[in-house]
Amino acid sequence: MLQVKIIEDHLDEIKESLKKRNWGDTDISVVEKIIDLNTKRKAVQTELDQEKAKLNQLSSEIGNLFKSGKKDEAVALKDEVAKIKLKSEEQDALLTQITSELENNLLSVPNKLHPSVPAGSSEEDNEIYKPHQGDLPVLSENALPHWELAEKYNLIDFKLGAFIAGSGFPLFRGKGSRLQRALISYFLDEASNAGYEEIVPPLLVNEDSARATGQLPDKEGQMYYVERDDLYLIPTAEVPITNIMRDQIIEESDFPIKFTGYTPCFRREAGSYGAHVKGLNRVHQFDKVEIVQIEHPDKSYDTLHDMVAHVEHLLNSLKLPYRILRLCGGDTGFTSALTFDFEVYSAAQKRWLEVSSVSNFETFQANRLKLRYKDGDGKKHLAHTLNGSALALARIIACILENYQTEDGIKMPEVLVKYLGFDKI
RNA sequence: GGAGAGUUGGCCGAGUGGUCGAAGGCGCACGCCUGGAAAGUGUGUAUGCUCCAAAAGGGCAUCGAGGGUUCGAAUCCCUCACUCUCCGCCA
């Protein structure tokens with residue numbers, strides 16, 4: 001959620017940004033409404049505060065009168081207080097109403113896009129920020145897509161997963177399971193080496209946490225919800241890990257704060273079925289190593305590029321063909337100011353699969369998190385939050401299986417061999 | 001899951017209806033003292049909103065969260081969350 005102040009101070013940029021997100025003029029007018037509501041809010045609050053000040057003052061007078069035995073005067077004052085109170089209750093109700101209307105409108109406004117974000121309405125309009133280097137791999141004619149390889153080598157049992165849980169819950173076994181574990185270890189080790197503190201967070205979160213990182217109310221339908229205990233299954237480790245910093249005031253010298261964590265991720269993906277979601281392409285449960293940074297506003301874009309470089313390093317070391325996209329306005333997430341997506345080339349399917357998304361949220365999440373830092377003068381400001389997948393496993397596995405297949409088995413990427421204990425499936 | 005006890009500022013801890021944003025201590029910051037340090041000593045030390053052009057300085061709110069009683073609530077009542085102890089269950 002953006003601060004009203006940001007909307008007021010950057011009104012034109014905000015409007016431009018909403019336009020890039022393909023908002024119509026009527027919808028964009030919400031920002032004027034917000035500014036208007038905020039002005040009203042201030043006026044009502046000032047009045048209400050004055051009335052309350054009067055009430056507080058009278059109350060203490062009543063106290064004094066009772067103490068000095070002037071009961072009659074005290075009772076008379078009480079009547080006066082009752083009148084003011086009646087009025088202040090009206091103001092109070094008005095303030096509550098205005099505040100909640102303001103809040104609801106604010107919640108509907110997505111983050112202000114970074115100026116570099118291209119206009120565009122869908123994924124077709126994303127900018128290829130860094131195209132794939134060299135030629136794309138071409139497989140032999142009998143090359144198999146990963147779901148067939150998974151079956152052939154007994155790595156993943158989709159049917160069994162569907163039997164036990166439902167469609168979209170793959171069951172890994174044997175070397176498939178081992179490959180999964182190796183990738184997790186490798187990614188976590190690389191993140192640790194890059195200075196991220198490793199976290200094992202809760203996999204279910206409460207409403208406050210989901211709200212603070214912006215999953216609520218925006219993505220409510222995407223999360224599994226445990227009604228009995230009022231908890232949400234995490235759609236990404238971003239949620240519990242970023243919430244480590246909720247309600248914190250840190251020192252400027254604490255920057256950058258770097259966390260990494262491996263978690264399963266749970267996504268309902270309601271309504272997505274069909275060929276393009278076959279196999280591991282889109283599932284309800286997948287594993288992911290996430291990297292999160294809390295950074296000074298002046299440095300957050302440098303940090304964003306560091307994180308992009310970290311992901312690139314991982315993909316390079318796995319020798320997977322990839323490209324980097326700068327998401328256009330229409331495709332950039334609600335909470336993000338600038339997002340780079342990484343796609344790997346799935347050679348048997350002959351398509352690109354998204355395996356990482358690295359974003360700078362600027363103060364959008366910090367506002368909800370109430371995550372501030374003190375500057376040299378002791379003044380408080382919202383920090384910037386960033387995160388990225390490094391990496392999302394399921395699709396990486398799909399890609400490794402397809403791209404590394406040979407006539408007599410699947411070779412394993414070199415960097416994984418020491419984690420796997422074998423170099424071929 | 002059952003029974004009981006708790007939740008106060010960065011931390012410890014006092015406060016059971018009025019002048020309490022909150023005693024005292026610790027910590028921290030700055031100063032004095034010192035050759036330097038320790039000890040001692042003085043001052044300061046929450047967050048959000050708001051008024052004011054700004055600073056200075058006001059006002060409102062916040063003592064786990066939300067509601068209620070009252071002219072007035074950290075203090076009384078209700079609901080919820082969390083922590084601790086005992087019992088039960090258990091990887």
Side-chain angles (χ1 to χ4, degrees), chain A residues 1-9 34-106 200-212 216 225-232 240 243-254 257 264 363-383:
Chain A
M1 187 169 69
L2 286 168
Q3 297 176 113
V4 180
K5 196 174 169 326
I6 290 183
I7 296 178
E8 281 173 345
D9 293 350
I34 285 170
I35 292 173
D36 189 44
L37 280 168
N38 192 237
T39 310
K40 272 190 201 148
R41 194 206 100 234
K42 283 191 198 175
V44 173
Q45 189 166 74
T46 302
E47 265 181 65
L48 179 63
D49 283 355
Q50 282 163 0
E51 280 163 16
K52 280 189 175 172
K54 180 89 182 169
L55 284 173
N56 287 342
Q57 191 203 324
L58 291 178
S59 289
S60 86
E61 274 176 38
I62 290 173
N64 287 331
L65 288 173
F66 272 122
K67 263 187 191 163
S68 49
K70 298 176 184 164
K71 230 178 174 177
D72 295 348
E73 288 180 47
V75 171
L77 257 191
K78 273 198 191 181
D79 290 342
E80 195 183 331
V81 166
K83 276 179 210 152
I84 302 176
K85 214 186 168 187
L86 214 62
K87 197 178 151 206
S88 85
E89 271 164 10
E90 276 172 36
Q91 290 286 96
D92 204 10
L94 183 61
L95 181 66
T96 308
Q97 185 229 314
I98 292 173
T99 308
S100 94
E101 201 181 332
L102 177 62
E103 167 104 357
N104 287 338
N105 280 295
L106 272 175
V200 179
L203 305 181
L204 286 86
V205 295
N206 58 31
E207 192 182 322
D208 285 347
S209 295
R211 200 167 285 281
L216 289 178
Y225 173 56
V226 183
E227 190 170 10
R228 189 180 170 124
D229 297 291
D230 198 17
L231 293 168
Y232 295 87
N243 268 278
I244 291 172
M245 300 307 294
R246 188 169 57 171
D247 250 323
Q248 301 258 326
I249 301 174
I250 61 174
E251 298 298 324
E252 219 167 4
S253 56
D254 293 333
I257 293 173
T363 61
F364 196 88
Q365 287 183 328
N367 187 213
R368 272 308 191 67
L369 288 160
K370 298 199 187 79
L371 166 55
R372 295 90 90 207
Y373 69 93
K374 273 190 204 167
D375 66 17
D377 299 329
K379 286 201 173 144
K380 280 146 225 106
H381 310 275
L382 293 174

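Side-chain atoms are counted along with the backbone in the values below, which use heavy atoms only and exclude waters and symmetry mates. Convention: sequence-line order gives letters A, B, ...; per-chain numbering from 1.
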- request: Scan residues 88-105 of chain A against RNA chain B and write down, sorted by residue number, each residue with any heavy atom closer than 4.0 Å; if none is found, say none.
  value: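 Residues of residues 88-105 of chain A under 4.0 Å from RNA chain B: none.
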- request: Using heavy atoms and a sub-4.0 Å distance, could you list which residues of residues 40-53 of chain A are near RNA chain B? By number, please.
  value: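 Close to the strand are A:Arg41, A:Lys42, A:Gln45, A:Thr46, A:Asp49, A:Lys52, A:Ala53.
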Show each protein N/O and nucleotides 16-23 of chain B N/O combination with a separation under 3.5 Å, one pair to a line.
residue : atom : partner : partner atom : Å
B:rG18  : N2   : A:Ser59 : O            : 2.6
B:rU19  : O4   : A:Lys67 : NZ           : 2.1

Using the [atom1] atoms only, state how far [M] lies from [N], rounded to an integer number of Å.
N      : M      : atom1 : value
B:rG66 : B:rU7  : C1'   : 16 Å
B:rC77 : B:rG17 : C1'   : 13 Å
B:rA65 : B:rA81 : C1'   : 7 Å

query: For B:rG88, which nucleotide is its Watson-Crick or G-U wobble mate, given both distances must be under 3.5 Å?
result: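 Across any shown strand, B:rG88 pairs with none.
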- prompt: Which base sits across from B:rU79 as a Watson-Crick or G-U pair, both distances under 3.5 Å?
  reply: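 Per the H-bond distance test, B:rA65.
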- prompt: Any side-chain N or O of A:Lys78 less than 4.0 Å from the OP1 or OP2 oxygen of B:rU70?
  reply: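 No, because none of the side-chain N or O atoms of A:Lys78 sits under 4.0 Å from OP1 or OP2 of B:rU70.
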message: Restricting to side-chain contact (heavy atoms from CB on, under 4.5 Å), what partner residues turn up for A:Tyr225, sequence neighbours left out?
response: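 Scan of A:Tyr225 (side-chain contact (heavy atoms from CB on, under 4.5 Å), adjacent residues dropped) gives A:Glu227, A:Asp230, A:Tyr232.
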task: Taking the side chain as every heavy atom from C-beta outward, state whether A:Phe66 and A:Lys71 have any pair of such atoms under 4.5 Å apart.
output: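 In contact.
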message: Tell me whether the count of non-hydrogen atoms from other residues, nucleotides or ligands lying under 6.0 Å of CG in A:Asp72 goes above 12.
response: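 Result for CG/A:Asp72: open.
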Side chain to side chain donor-acceptor pair (under 3.5 Å) involving A:Asn206 - partner list, sequence neighbours excluded: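 Checked A:Asn206 against side chain to side chain donor-acceptor pair (under 3.5 Å); matches are A:Ser209.
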Indicate every side-chain donor-acceptor pair of residues 84-95 of chain A with a distance under 3.5 Å to a residue at least two apart or in another chain.
residue : atom : partner : partner atom : Å
A:Lys87 : NZ   : A:Glu51 : OE2          : 3.4
A:Ser88 : OG   : A:Lys85 : O            : 3.1
A:Gln91 : NE2  : A:Glu47 : OE1          : 3.1

